[in-house]
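The shown structure was predicted, so the numbers you read here are calculated from the model rather than taken from an experiment. Quick note: numbers below take in every heavy atom, side chains included, and nothing from hydrogens, waters or symmetry partners. Residue numbers run from 1 in the order of the sequence given.
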Amino acid sequence: MPPYDSSHLIKRSNEQLILKELVQQETFIKKDLASKLGLSFPTVSKVLDDLEEKGVIMHAGMASSSNGRRASIYGINPEYGTILVLYIQYSRFWILVAHAKKDVLFKEERMIGQDYLSTIKAIINEMKTRFTNLKAISIGVPAGVMDGEIKYMNYYDDLQGLHVKKILEEEFRVQVSVERDVNAMLQGWVLGADGEKTKNASLLIFTDDGPGAASLINGRILRGFSAFAGEVGFLQVGEGDTLQDKMTQPQTQEETVQNAAYLISVISIMLNPETLILSGEESVRKLIPDIVDACKQRIPEAAVPELQFSADYHQLYSEGLLEKGRNDLLGIETDL
């Protein structure tokens with residue numbers, strides 16, 4: 001039996017390390033990249049040469065030098081491909097197209113057509129015509145999703161049980177990812193958060209579609225064996241009611257406080273996150289002191305997570321999906 005050859009695994013590992021660093025920088029030179037990553041100059045040079053040949057990166061000029069030898073500057077090639085971000089909220093689709101450096105080329109909000117899947121296909125066809133270099137599609141849905149298949153979904157019956165990723169990839173021959181809305185929002189929050197606080201954090205949203213939660217455990221999104229993790233709307237409260245039933249109806253401030261405190265307490269008992277982000281209407285921000293006090297009536301004060309607030313649902317959602325689409329486009333593997 002011939003000896004095991006691990007060279008391809010090492011090459012792939014080095015490529016992933018370099019790609020993850022490249023997307024954090026506008027421009028770079030080989031020497032600096034090698035020094036920062038602790039890799040040899042020949043290793044970095046070989047990976048970058050391969051990426052340049054594929055069109056992923058491009059030559060972006062020459063660095064200044066005091067000794068007369070100027071190093072080449074490289075950067076991600078924005079023309080390598082475009083990304084379509086598409087997500088559902090209520091009766092609308094939100095559409096965003098960006099290039100490989102995540103600069104937005106197109107943004108629009110539209111009403112749903114005859115049904116969700118047909119509308120999704122029509123939008124993809126239109127965007128592929130307008131942006132001929134479309135290579136990745138990132139879709140967000142208010143549903144439990146496992147490997148691109150819709151597992152649990154309220155209100156959007158024609159998508160229930162469909163393997164959306166498989167259907168779209170077979171028809172359009174582009175890479176497609178499908179993500180649960182709250183998970184995508186949590187990924188969007190991670191992009192702008194303190195790295196240490198992102199290891200164990202939860203996000204709780206209040207929308208007209210009902211409540212939802214997502215959690216990071218040791219830096220990875222908790223999905224569960226059937227993508228049911230975070231579907232807090234199913235929790236029973238009162239006489240046969242669910243939180244989904246209660247929180248999609250008009251609520252008093254006190255009801256909002258108590259429902260939020262109940263959810264935070266359940267999440268804290270099960271997962272004990274260090275940080276919990278609340279996202280909803282701006283009015284929720286003013287209730288945070290009352291929510292904290294209500295949490296303290298339910299669980300020990302030391303177990304109450306640091307509460308943060310984000311009113312920009314769409315920013316978190318679109319940034320999370322765009323990051324996922326860009327990673328797919330460039331072939332970046334992530335733990336999330």
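- Salt bridge Lys46/Asp50: present, at least one basic N to carboxylate O contact under 4.0 Å.
- For Glu282, the CD atom sits in a packed shell: over 12 heavy atoms of surrounding residues, nucleotides or ligands are nearer than 6.0 Å.
- A donor-acceptor pair under 3.5 Å is absent between the side-chain atoms of Asn327 and the main chain of Glu333, judged by distance alone.
- Between the Ser35 side chain and the Lys31 main chain, no donor and acceptor come within less than 3.5 Å of each other.
- At distances below 3.5 Å, not a single donor-acceptor pair connects side-chain atoms of Lys199 with backbone N or O atoms of Arg220.
- Of the inter-residue distances, the one linking Ser279 atom OG with Gln315 atom CD reads 10.5 Å to the nearest 0.5 angstrom.
- Within the 3.5 Å criterion, the main-chain N or O of Thr334 finds no donor-acceptor partner in the side chain of Lys20.
- Heavy-atom minimum distance, Lys107 versus Val104: CB-CG1, 4.3 Å.
- Nearest heavy-atom pair across Phe106 and Met127 is CE2-CE, 3.6 Å.
- Between Pro78 and Met58 there is a side-chain heavy-atom pair separated by less than 4.5 Å.
- Atom OH in Tyr317 sits 8.0 Å away from atom CD1 in Ile205 (nearest 0.5 Å).
- The pair Lys121-Glu126 does not meet the salt-bridge criterion, since no charged nitrogen lies less than 4.0 angstrom from a carboxylate oxygen.
- Heavy-atom neighbours of Asp312 CG from other residues, nucleotides or ligands within 6.0 Å: above the threshold of 12.
- Applying the side-chain contact (heavy atoms from CB on, under 4.5 Å) test between Pro305 and each of Thr275, Ile264, Asn200, Leu271 identifies Ile264 as the sole match.
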* Is there a side-chain contact (heavy atoms from CB on, under 4.5 Å) between Leu316 and Leu186 once you walk through the steps? -> CA-CA 7 Å; Leu316 292 181; Leu186 187 54; over 6 Å; no
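- Here Glu323 pairs with Lys102, Arg326 under the salt bridge (charged side-chain N to carboxylate O under 4.0 Å, His left out) rule; sequence neighbours left out.
- Across all non-hydrogen atoms, the minimal contact from Ile57 to Leu48 is CD1-O, 3.4 Å.
- Counted by atom type alone, Lys30 and Ser45 present one or more donor-acceptor pairs between their side chains at under 3.5 Å.
- Here the CG atom belonging to Leu278 is positioned 5.5 Å from the CG atom belonging to Leu276, to the nearest 0.5 angstrom.
- Each of Val85, Val190, Leu191 was evaluated against Glu319; a single residue qualifies, Leu191, per the side-chain contact (heavy atoms from CB on, under 4.5 Å) test.
- Between Leu22 and Val56 the shortest side-chain heavy-atom distance does not fall below 4.5 Å.
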* To do: Step by step, work out the side-chain contact (heavy atoms from CB on, under 4.5 Å) result for Leu51 and Asn77.
  => CA-CA 10 Å; Leu51 291 174; Asn77 179 9; over 6 Å; no
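- A salt bridge does not link Lys166 with Glu149: none of the charged nitrogens is closer than 4.0 Å to a carboxylate oxygen.
- At least one donor-acceptor pair under 3.5 Å links the side chain of Asn259 to the backbone N or O of Glu255.
- Between the side chain of Thr256 and the backbone N or O of Thr252, at least one donor-acceptor pair lies under 3.5 Å.
- Hydrophobic cluster membership differs between Leu307 and Trp189, with clusters built from Ile, Leu, Val, Met, Phe, Trp and Tyr side chains linked at under 4.5 angstrom.
- Separating the CG atom in Leu33 from the OG1 atom in Thr43 is a distance of 11.5 Å, to the nearest 0.5 Å.
- Side-chain contact of His314 with Tyr87: a donor-acceptor pair under 3.5 Å is present, judged by distance alone.
- Heavy-atom minimum distance, Lys246 versus Gln251: O-CG, 3.9 Å.
- Linking ILVMFWY residues whenever their side-chain heavy atoms come closer than 4.5 Å, directly or via other members, places Tyr74 and Leu17 in the same cluster.
- Inspection of the Gln187 and Glu179 side chains reveals an N or O donor paired with an N or O acceptor under 3.5 Å.
- The one candidate from Lys151, Gln244, Arg180 that meets the side-chain hydrogen bond (donor to acceptor under 3.5 Å, both in side chains) condition with Glu231 is Arg180.
- For Glu53, the CD atom is loosely surrounded, since the number of other residues' heavy atoms within 6.0 Å does not exceed 12.
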* Evaluate side chain to side chain donor-acceptor pair (under 3.5 Å) for Arg298 paired with Gln258, printing each intermediate quantity in order. => CA-CA 10 Å; Arg298 295 172 178 271; Gln258 292 303 323; 3.3 Å; yes
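- The shortest heavy-atom contact between Pro211 and Leu243 is CD-O, 4.2 Å.
- Side-chain atoms of Leu84 and Val174, non-hydrogen and from C-beta on, never get closer than 4.5 Å to each other.
- No side-chain donor-acceptor contact under 3.5 Å links Asp32 to the backbone of Ile29.
- Judged purely by atom type and a 3.5 angstrom limit, Asn133 uses its side chain to pair as donor or acceptor with the backbone of Glu79.
- Side-chain atoms of Gln160 come within 3.5 Å of backbone N or O of Met153 as a donor-acceptor pair.
- Of the N and O atoms on the side chains of His99 and Thr82, not one donor lies less than 3.5 Å from an acceptor on the other residue.
- Other residues, nucleotides and ligands contribute at most 12 non-hydrogen atoms within 6.0 Å of the CD atom of Glu281.
- Residues Tyr313 and Asp181 have side chains in contact (heavy-atom distance under 4.5 Å, counting atoms from C-beta outward).
- Pairing each heavy atom of Phe225 with each of Met146, the nearest pair is O-CE, 3.3 Å.
- Contact check for Lys286 versus Gln253: no side-chain heavy atoms found under the 4.5 Å cut-off.
- Checking side-chain atoms of Glu108 against main-chain N and O of Ile95 turns up no donor-acceptor pair under 3.5 Å.
- Comment: Lys54 engages Glu15 in a salt bridge, judged by a side-chain N to carboxylate O separation of less than 4.0 angstrom.
- In this structure, Met62 places its CE atom where more than 12 heavy-atom neighbours from other residues, nucleotides or ligands lie under 6.0 Å away.
- Using a 4.5 Å heavy-atom threshold, the side chains of Ile267 and Pro273 count as touching.
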